[in-house]
Structures are given as structure tokens and as C-alpha cells.
Amino acid sequence: MEIKGSLLETKLSFTDGHHNPDRSTKMLVENVHFWYGEKQALKSINLEIFDREVTAFIGPSGCGKTTLLRCLNRMNDVHIEGRMEGRILLDGVDIHSEEIDPPELRQRFGWVAQKPDPFPDTIHHNVIYGALIHGLVSTKADQDETIERALRQAGLWEEVKDRLHEDGTDLSGGQQQRLCIARALAMSPEVILMDEPCSALDPTATARVEQLIDELREHYTIVIITHNLQQAARVSQRTAFFHLGEMREVGDTLDIMTDPADPLCLAYVTGRYG
């Protein structure tokens, strides 16, 4: 049943909401289950994540979106009672194989949290910290080049280029979130994972971050969790709908938003559920 009305007839500002068939598979999730102790959080998840596209995870709170996001870069390894079954491949390689070093794996990912979390330190140190401790930069020239590149990519350079030695926490909320994005970009990641990156931002700051996501997908694979369906429609090419640990439907964003096959997904995108 095709849906008419509300956000679903809204013109998509940035993207046409369709997967590009020329994109290669960056990550492949195969029959993944995950438990926290006795509680099963994910059930038989199968998902392709494509290179240089944005994949949005939608669904009500507690449905497994963040658990899967944290599985992608093995952040769930820190949970003593956490247990995963299945496979996750990055560029065709199982991320849980014995040859994979978890800290090195995580360097291939950038992480952007719900709330801006800059360090209580200068803008300069916020951006370069990760690259420094991982030995990705050494000379001052390398540091300066990396900082400028990351801040330019995050759309923040012109706003802070004369304030690099001021505290990052003195920036506005939207600027702080872009600073955190710059911090992730300084590590030259391949995949950027975003857990509701605009949930704490005002509409103006949200619009700026959404525009930034659309620009970044030209160079990075991005996975974003969002409870804002308009946001998913604006920034993503593919959308996956989750319910009680199951991925009930996945496909082109425009198809998910206008003609979902799953009844629960239909109820969710039309505001009757969740």
C-alpha cells in the first residue's frame, strides 16, 4: 500500500533516497545474533552496507539499533556478558577473525555520539588527540595539516581557525558536534558510525550537520541511527527498520518511507506506532 501525505510527500532536500547499484559492499552482516547475558538484543540480522552511502537505522527505542551499530566496530567487546553469533565482514574480511586486532580495527571507524562530547581542552588538541596517540602524525607540519583538513571536512575551519587554542567546550552545541566529527575525521576512517548525532541540537545546527553528512558520503561509508524520519529521508540512501531485536525491513529509503512491505514498518513511518 503506497502511503500519501505528511513527511512522505516532502521533497528530499539532499538525496533521492535510492541506493546506487554501482556501489560495492563495504560491510556485510550475516545472521548476527547478540545477547547481553540472558537477554537477546539482536535476532538473525542480515544486512549489506554499501560504500560511500548513508544507511539509516530507524525504529523505536530499545529495538537493537545501537547494539548493531556497536557490533560493527566491535565496541560491544567491552561487555563482559555480551555474546555475538554470526559474521560481520569489512571489505570481505571477518572482523572477528584471529588475524584482526580490535584496536587497529576500530581505527578504521569514526564514532559520533548522541551528545557532543569534546574533551575539556583546546580545539587543536580535541582534533589531533586520536591521531597523535595512534602515531598517525608526528611533525608539527603533519599535525597542522591534519587539523585543517579535518576541520574543513567538518565545515568548521572558517569558524575556528583563529581560535584553535581556545577550549572546545566554549563552542556552541552545533559547533561542538562538528568538532567531534572533525576529531573522528582526523583518524582518516573508512566508516563513520553516528548514534543520533543531532538529538541534542537545535534545528539550525541539525540542518548544518545533515548537510555535512551529505557532503561526507562522497568519501566515507556512513551508518546513522535516527528517530527523526525526516532526517532519515533527507540524508540516507538505504534505511533499515528494527523492532524488538529484529530487522523487519531494509531497502531504498524512498521505498521504505513511501511503500513499506512490513505492517509494523508501515505503522512506524505513518506515526501510528513507536
Quiz item: Are any non-hydrogen side-chain atoms of Ile123 and Asn126 less than 4.5 angstrom apart?
Solution: no
Quiz item: Does some side-chain heavy atom of Asp51 sit less than 4.5 Å from a side-chain heavy atom of Thr25?
Solution: no
Quiz item: Ile88 and Ile49: same hydrophobic cluster, using ILVMFWY side-chain contacts below 4.5 Å?
Solution: yes
Exercise. Please tell me if the side chains of Thr221 and Glu53 come closer than 4.5 Å, counting only heavy atoms from C-beta onward.
Key: no
Quiz item: Which value, rounded to the nearest 0.5 Å, describes the distance between Met84 atom CE and Ile95 atom CD1?
Solution: 6.5 Å
Quiz item: Between Tyr36 and Phe34, what is the ring plane arrangement, given parallel below 30°, perpendicular above 60°, and tilted in between?
Solution: perpendicular
Quiz item: With sequence neighbours excluded, what pairs up with Ala205 under the side-chain contact (heavy atoms from CB on, under 4.5 Å) test?
Solution: Leu201, Asp202
Quiz item: Would you say Val112 and Leu185 are hydrophobically clustered, going by side-chain heavy atoms of ILVMFWY under 4.5 Å?
Solution: yes
Exercise. Indicate, with yes or no, if Ile225 and Trp111 share a hydrophobic cluster defined by side-chain heavy-atom contacts under 4.5 Å among Ile, Leu, Val, Met, Phe, Trp and Tyr.
Key: yes
Quiz item: Given side chains that start at C-beta, do those of Cys198 and Thr226 come closer than 4.5 Å, heavy atoms only?
Solution: no
Quiz item: Between Arg106 and Asn73, does any side-chain donor sit less than 3.5 Å from a side-chain acceptor?
Solution: no
Quiz item: Should the pair His33 and Trp35 be assigned to parallel (<30°), tilted (30 to 60°) or perpendicular (>60°) ring geometry?
Solution: parallel
Self-check item: Asp195 CG to Ile224 CD1 distance, which is reported to the nearest 0.5 Å
Solution: 9.5 Å
Practice problem: Output the rest of the hydrophobic cluster of Met187: all Ile, Leu, Val, Met, Phe, Trp and Tyr residues reachable through side-chain heavy-atom contacts under 4.5 Å, sorted by chain and number. | Solution: Leu136
Quiz item: Do Leu105 and Leu69 belong together in a cluster built from hydrophobic side chains that touch within less than 4.5 Å?
Solution: yes
Quiz item: Quick one: salt bridge (charged side-chain N to carboxylate O under 4.0 Å, His left out) partners of Glu30, sequence neighbours excluded?
Solution: Arg87
Self-check item: side-chain hydrogen bond (donor to acceptor under 3.5 Å, both in side chains) assessment of Gln237 paired with His18
Solution: CA-CA 5 Å; Gln237 287 68 57; His18 286 299; over 6 Å; no
Quiz item: Rounded to the nearest 0.5 Å, how far does NE2 of His96 lie from CD1 of Ile100?
Solution: 10.5 Å
Practice problem: Supply the atom-to-atom distance Leu164 CG to Glu148 CD, rounded to the nearest 0.5 angstrom. | Solution: 9.0 Å
Practice problem: Provide the full list of salt bridge (Lys or Arg N to Asp or Glu O under 4.0 Å) pairs with a residue in residues 121-142, sequence neighbours left out, each pair given once. | Solution: Lys140-Asp144
Exercise. I would like to know whether Val137 and Leu132 meet side chain to side chain contact (heavy atoms under 4.5 Å, CB included); could you show each step before the answer?
Key: CA-CA 6 Å; Val137 294; Leu132 272 175; 3.8 Å; yes
Quiz prompt | Close side-chain approach of Phe241 to Pro60, heavy-atom, < 4.5 Å | solution = yes
Self-check item: Heavy-atom check, side chain of Glu48 versus side chain of Met27, under 4.5 Å
Solution: no
Practice problem: With rounding to the nearest 0.5 Å, note down the distance linking OG in Ser61 to CZ in Phe242. | Solution: 14.0 Å
Quiz item: When you look at Ile58 and His227, which way does the side chain to side chain contact (heavy atoms under 4.5 Å, CB included) test go after all the steps?
Solution: CA-CA 6 Å; Ile58 64 170; His227 286 283; over 6 Å; no
Quiz item: Between Asp252 and His19, does any side-chain donor sit less than 3.5 Å from a side-chain acceptor?
Solution: no
Quiz item: Should Val209 and Leu156 be regarded as members of a common hydrophobic cluster, given that ILVMFWY residues are connected when their side-chain heavy atoms come within less than 4.5 Å of each other, either directly or indirectly?
Solution: no
Practice problem: Output the distance between atom CZ (Phe119) and atom CG (Leu179), rounded to the nearest 0.5 Å. | Solution: 9.5 Å
Quiz item: Side chains of Gln153 and Arg149: is there a donor and an acceptor less than 3.5 Å apart?
Solution: yes
Quiz item: Residues two or more places apart in sequence or in another chain: which of them pass side-chain hydrogen bond (donor to acceptor under 3.5 Å, both in side chains) with Asp77?
Solution: Arg74
Quiz prompt | Check: Gln175/Ser172 side-chain N/O donor and acceptor closer than 3.5 Å | solution = yes
Exercise. Give every residue pair that meets the salt bridge (Lys or Arg N to Asp or Glu O under 4.0 Å) criterion with at least one member in residues 236-250, sequence neighbours excluded.
Key: Arg248-Asp262
